[in-house]
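What follows is a set of notes on a single structure, which appears directly below.
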Amino acid sequence: GENVEQHPSTLSVQEGDSAVIKCTYSDSASNYFPWYKQELGKRPQLIIDIRSNVGEKKDQRIAVTLNKTAKHFSLHITETQPEDSAVYFCAASPPGGSNYKLTFGKGTLLTVNP
Amino acid sequence: SQTIHQWPATLVQPVGSPLSLECTVEGTSNPNLYWYRQAAGRGLQLLFYSVGIGQISSEVPQNLSASRPQDRQFILSSKKLLLSDSGFYLCAWSSGARPTFGSGTRLTVV
């Protein structure tokens with residue numbers, strides 16, 4: 001089955017700096033890669049996703065890049081703010097129509113210091 | 001718009017007691033439904049998923065089971081809870097789109 005590795009497990013940055021979280025996946029057939037943000041005690045919420053036919057996607061301060069050859073994808077947050085502090089999860093899903101059977105990474109605790 | 005309801009929000013149960021967590025989705029039909037578990041400080045583990053009524057796929061062997069008695073209802077059960085069953089249980093749904101999570105149930109087995 002799919003295996004997703006996520007690094008780093010914790011990340012501390014100063015407000016205004018950039019943050020980068022990296023994930024690798026094992027199944028070359030995976031074609032959908034979402035990123036979720038989970039605040040303490042809350043549900044994970046989708047912040048951005050990318051499909052394997054696209055190399056990069058950007059949404060305001062958040063961007064995701066995908067390297068299919070190397071089987072890794074990254075989340076980039078620019079101009080970080082204290083409200084960006086949360087646990088971020090990457091995930092990968094194999095082809096399967098609308099059945100998104102996600103395999104998650106173990107998460108990255110991001111702390112943005114004011 | 002679609003909404004997902006999950007209850008209860010918190011639950012404390014003794015070892016060996018039964019469990020029933022319920023999840024319902026509104027505003028869509030024939031959704032894919034999922035149960036995930038998140039242990040403390042760890043990632044999200046897919047437990048079960050369902051593509052239709054009565055169709056359940058198990059991802060991890062354990063003492064939990066799932067059922068889908070109605071199109072938009074997904075139930076997670078156990079006959080006898082173990083200490084290791086403690087965690088944050090999340091229901092999710094998708095229908096031709098990325099999964100959306102419910103608010104979760106924090107289960108503590110004592």
Side-chain angles (χ1 to χ4, degrees), chain A residues 1-10 21 23-25 27 30-52 54 57 59 64 73 75 86-111, chain B residues 2-11 21 23 25 28-52 55-61 66 68 74 87-108:
Chain A
E2 175 66 277
N3 182 48
V4 177
E5 299 283 342
Q6 182 172 348
H7 299 279
S9 57
T10 60
I21 302 170
C23 289
T24 59
Y25 60 99
D27 188 349
S30 289
N31 66 354
Y32 174 65
F33 308 92
W35 286 87
Y36 285 82
K37 175 183 179 182
Q38 186 179 29
E39 297 176 355
L40 187 63
K42 302 286 184 64
R43 75 187 81 185
Q45 294 198 306
L46 179 74
I47 54 172
I48 196 167
D49 57 7
I50 193 169
R51 299 185 186 278
S52 59
V54 175
K57 184 176 178 181
D59 183 4
V64 58
F73 55 113
L75 178 71
V87 178
Y88 290 81
F89 292 96
C90 63
S93 177
S98 63
N99 188 11
Y100 287 83
K101 206 172 75 171
L102 296 175
T103 300
F104 283 86
K106 285 187 165 45
T108 296
L109 174 60
L110 173 64
T111 303
Chain B
Q2 301 87 3
T3 56
I4 179 168
H5 302 280
Q6 188 179 344
W7 66 93
T10 60
L11 192 59
L21 302 180
C23 171
V25 180
T28 186
S29 30
N30 197 30
N32 297 317
L33 297 172
Y34 311 82
W35 279 110
Y36 285 87
R37 177 171 61 198
Q38 186 174 31
R42 300 188 65 180
L44 291 148
Q45 180 186 40
L46 179 62
L47 302 176
F48 301 94
Y49 70 95
S50 171
V51 299
Q55 301 178 59
I56 309 294
S57 296
S58 173
E59 290 294 298
V60 182
R68 185 170 178 173
F74 205 24
F88 192 40
Y89 288 82
L90 289 152
C91 180
W93 79 274
S94 70
S95 181
R98 67 281 299 166
T100 298
F101 288 91
S103 54
T105 295
R106 189 162 304 281
L107 171 66
T108 304

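Just so we're on the same page: letters track the sequence lines, and every chain starts at 1.
For A/Gln38, the part lying near chain B is the side chain, with the backbone staying farther off; criterion is any non-hydrogen pair under 4.5 Å. There is no contact between A/Leu109 and chain B, counting heavy-atom distances below 4.5 Å. With a threshold of 4.5 angstrom between heavy atoms, B/Leu44 approaches chain A through its backbone and through its side chain. For A/Pro34, no part lies under 4.5 angstrom from a heavy atom of chain B.
You'll find the side chain of A/Arg43 reaches within 4.5 Å of the side chain of B/Ile4, heavy atoms only.
Annotation: maximal heavy-atom pairing with chain B below 4.5 Å, among A/Gly107, A/Gly1, A/Gly41, A/Pro44, occurs at A/Pro44.
Put simply, CZ on B/Arg98 and CG on A/Leu46 are 6.0 Å apart, with the number rounded to the nearest 0.5 Å. Atoms CZ and OH, on A/Phe104 and B/Tyr36 in that order, are 5.0 Å from each other to the nearest 0.5 Å.
When all heavy atoms of B/Leu46 and A/Leu102 are compared, the pair lying nearest together is CB-O, 4.4 Å. The two residues B/Tyr49 and A/Lys101 come nearest to each other via the heavy atoms CE2-CD, 3.1 Å. Nearest heavy atoms, B/Gln38 versus A/Phe89: NE2-CZ, 3.2 Å.
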